[in-house]
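Working notes, beginning with the structure itself.
All residue numbers refer to positions in the sequence shown, counting from 1.
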Amino acid sequence: MDKYAFNDLLKSAGLSKKEFAEILGTTGGTISNWGNEGREIPYWVESWLHLYIENQHCKQIKEAITKSGVCDLMDQKSK
């Protein structure tokens, strides 16, 4: 993955480089250096970000289901 694809994926995840660094427990400078001057982006970053994005979608679905009250109705029917 090149730095342009990395930046696009971060944007899709709704993360800044600083936020991503905080999640990883590193510095924003480290993240900013990835893809520059022969410093490759670690191999696991692409799959990690895809999973992060997928997890965010799952959280949104869970929240929508919870707010809809469908789970409450199911609980009432089972009693």
Side-chain angles (χ1 to χ4, degrees):
M1 175 169 59
D2 65 19
K3 67 180 181 179
Y4 302 106
F6 173 58
N7 289 333
D8 288 343
L9 205 47
L10 273 178
K11 185 176 182 180
S12 295
L15 294 171
S16 67
K17 288 181 180 179
K18 181 181 178 184
E19 292 167 328
F20 187 51
E22 288 173 1
I23 291 169
L24 298 179
T26 190
T27 65
T30 296
I31 305 300
S32 291
N33 286 333
W34 289 352
N36 293 328
E37 301 173 11
R39 294 184 181 186
E40 293 185 16
I41 297 167
Y43 71 93
W44 53 267
V45 170
E46 184 173 9
S47 61
W48 190 98
L49 284 169
H50 282 293
L51 288 171
Y52 180 88
I53 293 165
E54 184 177 333
N55 187 47
Q56 295 305 310
H57 291 298
C58 290
K59 284 180 181 180
Q60 291 172 346
I61 291 168
K62 180 181 176 184
E63 185 178 318
I65 290 170
T66 301
K67 284 183 179 180
S68 75
V70 170
C71 294
D72 296 336
L73 291 173
M74 297 299 287
D75 286 342
Q76 290 173 1
K77 286 183 178 182
S78 66
K79 292 181 181 179

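By the salt bridge (charged side-chain N to carboxylate O under 4.0 Å, His left out) test, Glu37 is found to be paired with no residue, residues two or more places apart in sequence or in another chain being considered. Judged as a salt bridge (charged side-chain N to carboxylate O under 4.0 Å, His left out), and not counting sequence neighbours, the contacts of Lys67 are Glu63.
Here the shortest heavy-atom pairing between Gly35 and Ile41 reads N-CG1, 3.8 Å. The two residues Ser16 and Leu10 make their nearest non-hydrogen contact at O-CD2, 4.5 Å. Across every non-hydrogen atom of Ala21 and Gly28, the tightest pair is CB-N, 3.6 Å.
Atoms CD and CG, on Glu22 and Leu15 in that order, are 10.0 Å from each other to the nearest 0.5 Å. Here the straight-line distance linking atom NE2 of His50 with atom CG of Asn55 works out to 14.5 Å at 0.5 Å rounding. Atom NZ of residue Lys3 and atom CD1 of residue Ile31 lie 15.0 Å apart, to the nearest 0.5 angstrom. The line from CD of Gln56 to NZ of Lys59 is 5.0 Å long, rounded to the nearest 0.5 Å.
Tracing side-chain contacts under 4.5 Å through hydrophobic residues (I, L, V, M, F, W, Y), one never reaches Trp44 starting from Leu51; they form parts of separate clusters. A single hydrophobic cluster is seen to contain both Ile23 and Tyr43, as judged by linkage of ILVMFWY side chains at heavy-atom distances under 4.5 Å, directly or through other members.
Counting heavy atoms from C-beta on, the side chains of Thr30 and Leu24 never come closer than 4.5 Å. Within the 4.5 Å cutoff, side-chain heavy atoms of Asn7 are placed close to those of Lys17.
Ring geometry for Trp34 against Phe6 counts as tilted: the plane angle lies between 30° and 60°, on a 0 to 90° scale. The aromatic rings of Trp48 and Tyr52 sit parallel, their planes meeting at an angle under 30°, below the 60° perpendicular limit.
The main-chain N or O of Gly29 is never found under 3.5 Å from a side-chain atom of Ser32 such that the two would form a donor-acceptor pair.
Heavy-atom neighbours of Glu19 CD from other residues, nucleotides or ligands within 6.0 Å: above the threshold of 12.
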Apply the test side chain to side chain contact (heavy atoms under 4.5 Å, CB included) to residues Val45 and Leu9: give CA-CA distance (whole Å), side-chain angles for both, the deciding distance (0.1 Å), then the verdict. CA-CA 10 Å; Val45 170; Leu9 205 47; over 6 Å; no
